[in-house]
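Every heavy atom of this structure was used, including side-chain atoms; hydrogens, water molecules and symmetry mates were not. All figures in this text were calculated on a predicted structure; none of them were measured in a lab.
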Amino acid sequence: MNREYYSKLIFEHSRPGRQGFSLPKVTAKDTLDKALPPHLRRQKALDLPEVDEPTVVRHYTNSSNNNFGVDTGFYPLGSCTMKYNPKINDEIAADPVISRLHPLQPVCTTQGALEIYYTLQRALSEIGGMAEFTVNPFAGAHGELTGLMVIHAYHDSRADWARTKVIVPDSAHGTNPASAAVCGYQIVEVKSLPDGTVDVEDLKTKLGPDIAAMMMTNPNTVGMFEKHIPEIAKLVHDCGGLMYYDGANLNPMLGVCRPGDMGFDVMHINLHKTFSTPHGGGGPGSGPIGVRTGLEQFLPNPHVVKIDDGKYDVRFFDSALGRVSSWLGNFAVEMRALAYIMSLGSEGLMKVGPLSTLNANYIMQQLRDLYLLPIEGPCKHEFVFDGLKDKSTGVTTLNVAKRLLDFGFHAPTIYFPLLFHESLMIEPTETETRETLDRFIAVMRQIAKEAAEQPELVKSAPHNTPISHPDDTEAALHPVVTWKELS
């Protein structure tokens, strides 16, 4: 492939007079001019590229080949669970019987869709150990905000106005404090121990009658299981607060344990992560929330319920906190999630957590001699290296991530969590084979060897991509979003 040719913008292929289309002549131009008010008429011709059809097709086809997705290769993006999405999920979600439904159709004509909603709600309740679920939120952060609104509504219903703070571990996802702040709460940070888990003694100093809730991810952001969760839940409950479970890391828990059984009162699930919807590029997503018994009445409207004659209905309750979405969430993602759950069944779902944990520990053990492991002990679905062990080479985590691109691997999450200076977070998921993991391990070991013997080779990577080393700071501060021909 001629990379110089195919890395150009479509405008750079433009040549005066070339075109790849043929439109019928306008026979009623005067009529069109009269129909369109003068202030809406374009004063000069559109600045469009002039290209022939083969050039257009080749340009966009080759540009698309530069995209990376879980269908094209290993995507070990830590804290994001970029697992493979079975194609049967897409086929079912795209079925015209489903995809052509309209939310405002009469309930009698959408019984199948409502049964899908209801079945998914019940399945998620069983998986999460909760009494009830709503599928209304559109994303994980949207689910977090909705869950916190449920907590707010619960305290308001008891006239407990003093609860104005939410406790968040220092290792939490950034959405946790952000969601709590948007919900009107003050953030109280609790420290982590050297093993990455919550410092219970520090937590005790933060508890009081002003605490509305504590938000936690288990396993936490560094991939370690919070073994003190029963004690933490008891402490928070004893002071009158509720426990919120961030479901971003639910993947390794499937088939092993349930947040509701750990003592959590409210949780959200990222369907697009745990239940397999391709979500690269910022979407699509879905963030259903579940609640324990006693909090169901606060869930947002509308509700899908099963009525006595075996049919389904959409209900609105006065006790609900209101509405958080235009209707019942992202139906296509929810359809994919139910297809995934039903196709795996209980037996298959019980293998997800153990296999994702096995894969993560396998990679960790194979690389720990060359990459710095700041937290010892078995991890769950993901783990964090603090860059290369040999710091004398000057090769950074960013350099390692860029060098991986030369070998056809998407880079893991880098520089998060913020607990370590050179964080390199790896999550293989349960869907990858031993052979794929071994190839990734071999490349990571080769990069470590290159860093020791040819550090400039790694520092100047990637070498096989259309763009190698853009100025990240300049691109963020002064992005160029339009094309202008250089004189």
Side-chain angles (χ1 to χ4, degrees), residues 117-118 121-122 124-125 128-168 175-188 203 206-216 229 232-247 258-269 287-307 313-329:
Y117 280 121
Y118 184 82
Q121 288 170 185
R122 298 318 313 150
L124 296 179
S125 297
M130 294 287 165
E132 188 57 85
F133 255 84
T134 176
V135 295
N136 296 14
F138 283 121
H142 192 197
E144 280 183 17
L145 177 60
T146 305
L148 287 161
M149 290 167 67
V150 167
I151 291 172
H152 210 304
Y154 163 75
H155 290 307
D156 286 350
S157 71
R158 301 167 63 246
D160 200 348
W161 317 117
R163 300 192 180 275
T164 58
K165 299 179 180 178
V166 169
I167 298 174
V168 177
T175 54
N176 288 183
S179 298
V182 170
C183 198
Y185 286 115
Q186 300 172 42
I187 312 305
V188 178
L203 171 63
K206 310 293 172 64
L207 298 172
D210 57 351
I211 298 300
M214 180 173 183
M215 303 182 75
M216 289 185 67
I229 191 64
I232 292 172
K234 185 177 186 306
L235 287 169
V236 174
H237 287 151
D238 285 349
C239 83
L242 299 183
M243 290 292 292
Y244 183 91
Y245 182 84
D246 177 346
R258 309 186 305 176
D261 299 335
M262 300 179 202
F264 288 96
D265 305 289
V266 182
M267 69 176 291
H268 87 267
I269 294 177
I289 63 166
V291 295
R292 64 157 171 81
T293 301
L295 298 175
E296 305 99 316
Q297 68 269 30
F298 302 116
L299 290 173
N301 284 323
H303 300 262
V304 177
V305 297
K306 190 173 185 179
I307 47 185
D313 197 8
V314 178
R315 300 282 175 83
F316 293 79
F317 300 119
D318 293 338
S319 60
L321 58 82
R323 299 184 67 162
V324 297
S325 58
S326 57
W327 196 240
L328 289 163

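Exactly one of Ile167, Thr175, Leu148 qualifies for a side chain to side chain contact (heavy atoms under 4.5 Å, CB included) with Met215. That residue is Leu148.
Closest approach of Glu296 and Gly294 over heavy atoms only: OE1-N, 2.7 Å. Across every non-hydrogen atom of Met262 and Ala233, the tightest pair is O-CB, 4.0 Å. Nearest heavy atoms, Met214 versus Leu203: SD-CD1, 3.8 Å. What you find for Tyr244 and Gly147 is that their closest heavy atoms are CE1-CA, 3.8 Å.
Aromatic rings from Phe298 and His152 are positioned such that their centres are separated by 6.0 Å or more.
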For residues 132-141, dump all side-chain donor-acceptor pairs below 3.5 Å to protein atoms at least two apart in sequence or in another chain.
unit_1	atom_1	unit_2	atom_2	d
Glu132	OE2	Arg122	NH1	3.3
Thr134	OG1	Asn136	N	3.3
Thr134	OG1	Asn136	OD1	3.1
Asn136	ND2	Asn301	O	3.1
Asn136	ND2	Pro302	O	3.4

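Every ring-ring contact (aromatic ring centres under 6.0 Å, His included) that Tyr118 has, sequence neighbours left out, goes to Tyr312.
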Side chain to side chain contact (heavy atoms under 4.5 Å, CB included) between Met243 and Ile229, worked out: CA-CA 10 Å; Met243 290 292 292; Ile229 191 64; 4.0 Å; yes
Side chain to side chain donor-acceptor pair (under 3.5 Å) between Asp265 and His237, intermediate numbers included: CA-CA 10 Å; Asp265 305 289; His237 287 151; 2.7 Å; yes
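A salt bridge does not link Asp210 with Arg163: none of the charged nitrogens is closer than 4.0 Å to a carboxylate oxygen.
Contact check for Asp246 versus Met216: no side-chain heavy atoms found under the 4.5 Å cut-off.
For the residue pair Ser319 / Gln297, no side-chain donor-acceptor distance below 3.5 Å is found, with atom types taken as modelled.
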